[in-house]
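Reviewing the structure listed below.
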Amino acid sequence: ARGVVAYILKQNVKCYQITNVENLLNVVKEKELRLQEILPQLSLYQKQMQKQDRAMVLEGLSGLKALTDDMLTLEKTIYVFGVPKQASVLMKGFIDLFHKRRIKKKVWMYHIYNEDSQDRIAFLNSLSFTEAVYLPREYDSPATTLVYSHKVAFVIWSEPALVLIVESERMAEAYVKYFSLLHSLTKKSVL
């Protein structure tokens, strides 16, 4: 249909061959031209959507990985609180790579862990662009809250993990304030 391939019959068998290599390039160029025509409309739609508050739900390890990738894409300070001990175990396959990439991009990350995570806190405090502290046991949380740029993410550490990301400038500002309040109640690692 696009004039890229022709065939001939040899002993009742269709044998295909390319008609002209240039035709392949023309097909790609046509698609690019069509895309160029609608790009302004897509950009306008994207800008309108960015102004609206919205949310999305992700699941499992792929959802957690998507969350960490999103944080690195935005390259803004990350605030995280309510981190249970099992969080780093569940993300073992990729969390260390996330921190290496984050540090390379010089993105600060401030953690408030549950009290039972002393080893993890000590490790994190050995990293550049990182601060980790903990709250007393009575503030332990089974869910984690992350604030980065104009987004707030909630991770429920179930099986599979559930990630809710809310894009809202107002919510992000409010949760940074919550983080500051909680941070004033924290303790440094004893290790």
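These numbers were taken from a predicted model, which means no experiment stands behind them. Scope of the values below: all heavy atoms of this structure, side chains included, with no hydrogens, waters or symmetry mates.
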- Message: Can you confirm whether Y110 sits close enough to V147 that some side-chain heavy atom of one is under 4.5 Å from a side-chain heavy atom of the other?
- Response: no
- Task: Check the surroundings of atom NZ in K100: do more than 12 heavy atoms from other residues, nucleotides or ligands lie under 6.0 Å from it?
- Result: no
- Task: I would like to know whether F81 and Y139 meet ring-ring contact (aromatic ring centres under 6.0 Å, His included); could you show each step before the answer?
- Result: CA-CA 10 Å; F81 57 93; Y139 297 105; over 10 Å; no
- Item | Contact check, side chains of M171 and D53, non-hydrogen atoms, under 4.5 Å | no
- M109 and H99: side-chain contact (heavy atoms from CB on, under 4.5 Å), yes or no, with the steps? CA-CA 9 Å; M109 189 167 187; H99 283 297; 3.8 Å; yes
- Message: Could you tell me if the side chain of L74 sits less than 4.5 Å from the side chain of K151, heavy atoms only?
- Response: yes
- Any chance you could lay out the side-chain contact (heavy atoms from CB on, under 4.5 Å) test for F123 and D96, step after step, and finish with the verdict? CA-CA 11 Å; F123 167 74; D96 291 337; 4.3 Å; yes
- Query: Can E59 and L162 be said to form a side-chain contact (heavy atoms from CB on, under 4.5 Å), step by step?
  - Reply: CA-CA 5 Å; E59 240 183 22; L162 191 63; 3.9 Å; yes
- Item | CD/Q11: more than 12 non-hydrogen atoms of other groups inside 6.0 Å | no
- Is there a side-chain contact between P84 and T144, using heavy atoms and a 4.5 Å cut-off? yes
- Task: Measure the spacing between OG1 of T130 and NE2 of H111 and express it to the nearest 0.5 Å.
- Result: 6.5 Å
- Item | Expected output: side-chain R102 to main-chain V107 donor-acceptor under 3.5 Å | yes
- Indicate, with yes or no, if the rings of Y16 and Y7 have centres closer together than 6.0 Å. yes
- Message: Applying a strict under-4.5 Å side-chain criterion to I, L, V, M, F, W and Y, I'd like to know whether V80 and L181 cluster together.
- Response: no
- Message: side-chain contact (heavy atoms from CB on, under 4.5 Å) for R101 and T68? Distances and angles first, verdict last.
- Response: CA-CA 10 Å; R101 292 172 55 208; T68 59; 5.9 Å; no
- Task: Decide, yes or no, whether a salt bridge links K65 with D69 under the criterion of side-chain N to carboxylate O below 4.0 Å.
- Result: yes
- Is a donor on one side and an acceptor on the other found under 3.5 Å between the side chain of T186 and the backbone of L135? no
- Using a cut-off of 6.0 Å, state whether more than 12 heavy atoms not belonging to F129 lie near its atom CZ. yes
- Hey, would you say the Y178 and Y79 ring centroids sit under 6.0 Å apart? no
